[in-house]
Amino acid sequence: LGSIVFSDSEKLAQLEKLLHPPMVEEVRHIIQSNRHRDIVVDAALLLHMGLHRLCDLVIFVTAPALVRFRRARLRDGVGCRQFRRRNAAQGHIASQAVGNVADIHSVPNYGKHSRVYRAVDRIIAGANERGAHGSE
């Protein structure tokens, strides 16, 4: 499917129009059904789909293009040309300003998962601490 939609912007738009609305509604339902629990939304298209509007905290995990290419090659067997097409089609996926909707953080991922997990844990702990102090 990726080879079809990432090489044709109209087909990608069709796929997004078909899939995104029910996906957003499912996330909204999960959040509303679990109001007293922390929910993690792992979504590469978080901003594009407007899901950031449902979040208190957004953490972008970033990686250099060469690292992303290597991962895509190992995971999906994509070549350089396919990677460039996918990368261009997903160019809107970036840590960008989203107003005052959510607390935005960025974590670099150069390969060590343990570093990413520690950084994410620190961000969440800080957010929880600020939330606890803010409610007093």
Side-chain angles (χ1 to χ4, degrees):
L1 185 59
S3 63
I4 295 169
V5 298
F6 291 126
S7 62
D8 186 327
S9 60
E10 288 182 24
K11 289 181 181 174
L12 178 60
Q14 282 181 306
L15 181 66
E16 289 176 346
K17 186 177 179 181
L18 178 69
L19 294 179
H20 288 185
M23 291 169 73
V24 170
E25 284 310 309
E26 179 66 16
V27 171
R28 187 183 315 277
H29 173 72
I30 290 169
I31 291 171
Q32 289 173 349
S33 299
N34 294 280
R35 287 189 184 145
H36 302 291
R37 298 174 68 191
D38 290 335
I39 305 294
V40 174
V41 179
D42 182 0
L45 299 174
L46 189 87
L47 296 178
H48 184 65
M49 294 173 66
L51 290 170
H52 64 284
R53 293 182 192 101
L54 305 176
C55 300
D56 297 320
L57 174 68
V58 174
I59 301 173
F60 287 97
V61 179
T62 62
L66 188 55
V67 172
R68 293 192 322 269
F69 170 66
R70 191 174 132 254
R71 290 175 182 163
R73 185 171 193 85
L74 291 171
R75 183 188 60 236
D76 303 326
V78 300
C80 189
R81 184 175 295 162
Q82 287 175 303
F83 174 76
R84 284 196 333 259
R85 273 193 235 130
R86 286 183 184 201
N87 201 46
Q90 295 176 337
H92 57 279
I93 303 170
S95 176
Q96 52 188 276
V98 291
N100 293 329
V101 177
D103 190 8
I104 309 294
H105 298 270
S106 183
V107 173
N109 180 357
Y110 297 102
K112 294 273 189 184
H113 293 308
S114 59
R115 287 183 185 169
V116 174
Y117 296 145
R118 282 194 306 270
V120 169
D121 285 345
R122 280 192 303 270
I123 292 167
I124 292 171
N128 287 337
E129 189 175 303
R130 284 188 304 277
H133 291 37
S135 62
E136 295 179 346

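All residue numbers in this chain count up from 1 along the given sequence.
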Student: As an exercise, state the distance from CZ of F6 to CZ of R84, rounded to the nearest 0.5 Å.
Tutor: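 Reported to 0.5 Å precision, the distance equals 15.5 Å.
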Student: Under 4.5 Å between any side-chain heavy atoms of V27 and L54, yes or no?
Tutor: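 Side chain of V27 against side chain of L54, heavy atoms only: contact under 4.5 Å found.
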Student: If you round to the nearest 0.5 Å, how far is CG of L12 from NZ of K17?
Tutor: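 With rounding to 0.5 Å, NZ (K17) is 13.5 Å from CG (L12).
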Student: Which heavy-atom pair separates V58 from C55 by the least distance, and what is that distance?
Tutor: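 Looks like CG2-CB, 4.0 Å.
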Student: Going by salt bridge (Lys or Arg N to Asp or Glu O under 4.0 Å), name the pairs with one or both residues in residues 25-47, residues two or more places apart or in two chains.
Tutor: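 Sorted pair list: E25-R28.
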Student: Of the non-hydrogen atoms in A72 and F83, which two are nearest, and what is the gap between them?
Tutor: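 Answer, listing the atom of A72 first, then F83: CB-CD1, 4.1 Å.
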Student: Under the salt bridge (Lys or Arg N to Asp or Glu O under 4.0 Å) rule, collect the residues that match up with D76, sequence neighbours excluded.
Tutor: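 Testing D76 for salt bridge (Lys or Arg N to Asp or Glu O under 4.0 Å), a comparison that skips the adjacent residues, returns R86.
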Student: Quick one: does D8's side chain have a donor or acceptor within less than 3.5 Å of a partner on I4's backbone?
Tutor: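 Answer holds: no.
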Student: Keeping to residues at least two apart or across chains, list the salt bridge (Lys or Arg N to Asp or Glu O under 4.0 Å) pairs with something in residues 111-124.
Tutor: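 Passing the test, one end in residues 111-124: no pairs.
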Student: Do I104 and V61 share a hydrophobic cluster, counting only Ile, Leu, Val, Met, Phe, Trp and Tyr and linking them when any side-chain heavy atoms are less than 4.5 Å apart?
Tutor: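 Each belongs to a different hydrophobic cluster.
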Student: With a sphere of 6.0 Å drawn around CD of Q32, does it hold more than 12 non-hydrogen atoms of other residues, nucleotides or ligands?
Tutor: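 Yes, enclosed.
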Student: Let me check something: do I59 and M49 share a hydrophobic cluster, defined by ILVMFWY side-chain heavy atoms less than 4.5 Å apart, either directly or through other members?
Tutor: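 Per the 4.5 Å side-chain linkage, I59 and M49 are not co-clustered.
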Student: Is there a path of hydrophobic side-chain contacts, each under 4.5 Å between heavy atoms of I/L/V/M/F/W/Y residues, joining Y117 to F60?
Tutor: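 F60 and Y117: separate clusters.
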Student: When Ile, Leu, Val, Met, Phe, Trp and Tyr are grouped by side-chain heavy atoms lying under 4.5 Å apart, directly or through other members, which residues fall in the same group as Y110?
Tutor: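 Members besides Y110: none; it forms no cluster.
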Student: Flag the pair L51 / V24 as yes when at least one side-chain heavy-atom distance between them is below 4.5 Å, and no otherwise.
Tutor: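 Yes, side chains in contact.
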Student: Say whether L46 and I124 are linked into one hydrophobic cluster, either directly or through other cluster members, by side-chain heavy-atom distances under 4.5 angstrom.
Tutor: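 They do not share one cluster, since no chain of ILVMFWY contacts under 4.5 Å joins L46 to I124.
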Student: Any idea which heavy atoms bring R68 and A63 closest together, and the distance?
Tutor: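 Smallest heavy-atom distance, with atoms named: NH1-O, 2.6 Å.
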Student: Could you pull out the closest heavy-atom pair between V5 and K11, with the gap in Å?
Tutor: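 Between these two residues, the closest heavy atoms are CG1-O, 3.9 Å.
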Student: Members other than V67 in its cluster, when Ile, Leu, Val, Met, Phe, Trp, Tyr link by side-chain heavy atoms under 4.5 Å?
Tutor: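 Other cluster members: none.
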Student: Show the numbers, then the answer: is there a side-chain contact (heavy atoms from CB on, under 4.5 Å) between M23 and L45?
Tutor: CA-CA 11 Å; M23 291 169 73; L45 299 174; over 6 Å; no
Student: Can you name the residues that form a side-chain hydrogen bond (donor to acceptor under 3.5 Å, both in side chains) with R71, not counting sequence neighbours?
Tutor: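 R71 satisfies side-chain hydrogen bond (donor to acceptor under 3.5 Å, both in side chains) with N109 once adjacent residues are dropped.
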Student: When you group the ILVMFWY residues by side-chain heavy-atom contacts below 4.5 Å and let the links chain together, are V41 and I123 in the same group?
Tutor: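 In one cluster with I123: V41, no.
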